[in-house]
Amino acid sequence: MSFDSFNLHPHILANVYALGYKTPTPIQSQSIPPVLLGKDVMGLAQTGTGKTAAFTLPIIQRLITGPRSGVRALIVAPTRELAQQIHDTFVKLCYGTRLRSMALYGGVNIKSQIKKLESGVEIVVACPGRLLDHVKQKTINLSKIDVLVLDEADQMLDMGFLPSIRRILTHLPKKRQTLLFSATMAYAIDELAYEVLHEPVMIKIGHSAPATSVKQALFPVASHLKSRLLIKILRKTNIESVLVFTRTKHGAKQVAGKLEQAGFRATSLQGNLSQNKRQSAMNGFRNGTIQILVATDIASRGIDVSAISHVINYDMPDTVEAYIHRIGRTGRADKMGEAFTLITHEDNIEVRNIERVLGNRLEQCKLEDFDYAA
Ligand code: AMP
């Protein structure tokens, strides 16, 4: 499936590709069609699955026609950080559409928020408390809302926001589209869903839990030192066969070249290879003549080698789902495996998303005899 198949407005599609999204994630391919049809959706999915774009894209498509200057989409989220993140996604995906989004949360001056609301916005991403402040002061009009999203509903309930949500609902039109996202399906969520959703489409995206037989570690490093650090790690580690992931085909080729220069039996597997070359790389990896295979996510599909001792993310994957999928390549068949991820400071948000889904912090490692300041 590709983003082209959703019939999104050309501006929106251009923004999707500008963000570097190539194919929809599972939650996107399952949510976008029903949301475009105006249906209510109950989505069970965690951060990191691409769920933000799963609702922002069809909402923008819906708002791109129709009146401006009134608030038509309201997204309610538990934390400032999440509200800001969703707003940022709207800004990027709305580029060129003249739709305006704003984030509303406490801890910042309310006057500047009022001014912005007065100037006219179509999309508001809000935390419950500050939203109700505006409702009380009559500085926001929620009577024209077409779409309501309750994001991370389970967290909102955990934080005691249910009464606030109920109060917000009384200010919204009864006839509207409602989307509810939650990472877990607790009884209370069920009740809330019953209250707010009308004949919802249920979508469940499971995180395939990472195997407990995989030991994971992060290696913080400056971007320009990645290949040097990779070589150092490989020299210090008892490796059998290693699968290294890069973001791009070009990156795969380059990294494999550097590893070969450094004396490793390495090669790359990427889409530009002929079927023959691809096959011979795979065979070499399987029979041990090739020890290190450098691949992109797409090229790595179909690698069915059961004895991979190490997965190394040279580049951080885009989604938690992809991370879990990658590291699941090792630690198979009752063997212990190790998964290392090189991270730069740009990867911090993604690291937090992964740690949230895993439910624990990942160990950060530093090699003593490596010059991190080079
Ligand atoms: P979310 O679960 O919405 O927080 O998204 C997690 C990360 O995945 C964000 O960094 C998004 O920019 C990224 N992302 C969302 N959709 C896609 C996609 N279709 N392809 C690649 N990355 C994506």
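Just so you know, ligand 1 is whichever comes first in the structure, and atom 1 is the first atom listed for that ligand. Below, each value reflects all heavy atoms present in this structure, side chains not excepted, and no hydrogens, waters or symmetry copies. Index from 1, following the sequence.
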Between side-chain atoms of residues 359-366 and protein atoms elsewhere (two or more places apart, or another chain), which donor-acceptor pairs fall under 3.5 Å?
residue, atom, partner, partner atom, Å
R361, NE, E355, OE1, 3.2

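Ring geometry, Y17 versus F3: the interplanar angle exceeds 60°, so the pair is classed perpendicular (tilted spans 30 to 60°).
Of all atoms in ligand 1, numbered sequentially from 1 with element shown, those under 4.0 Å from a heavy atom of G50 are 1 (P), 2 (O), 3 (O), 5 (O), 15 (C). If you number the atoms of ligand 1 from 1 as listed, the ones under 4.0 Å from a heavy atom of T52 come out as 1 (P), 3 (O), 4 (O). Under a 4.0 Å criterion applied to the non-hydrogen atoms of T319, ligand 1 contributes the atoms 8 (O).
The shortest N or O to N or O distance between F3 and ligand 1 is not under 3.5 Å. Polar contact with ligand 1: absent for K22 (N/O pair, distance under 3.5 Å). Backbone and side-chain nitrogen or oxygen atoms of N353 are examined, and none is located within less than 3.5 angstrom of a nitrogen or oxygen of ligand 1.
Ion pairing of K51 with E152 is present here, as a side-chain N (NZ or NE/NH1/NH2) and a carboxylate O approach within less than 4.0 Å. Taking a cutoff of 4.0 Å between a charged side-chain nitrogen and a carboxylate oxygen, R356 and E81 do not qualify as a salt bridge.
Using a 4.0 Å cutoff on heavy atoms, T23 counts as a contact of ligand 1.
Using a 4.5 Å cut-off on side-chain heavy atoms (C-beta onward), T52 and Q85 make no contact.
A donor atom on one side chain and an acceptor atom on the other are found under 3.5 Å apart for Q216 and Y323.
More than 12 heavy-atom neighbours from other residues, nucleotides or ligands sit within 6.0 angstrom of CG on L367.
Among D318, I86, I349, the residue whose heavy atom sits closest to atom 7 (C) of ligand 1 is D318.
In F181, neither the side chain nor the backbone holds a heavy atom less than 4.0 Å from any atom of ligand 1.
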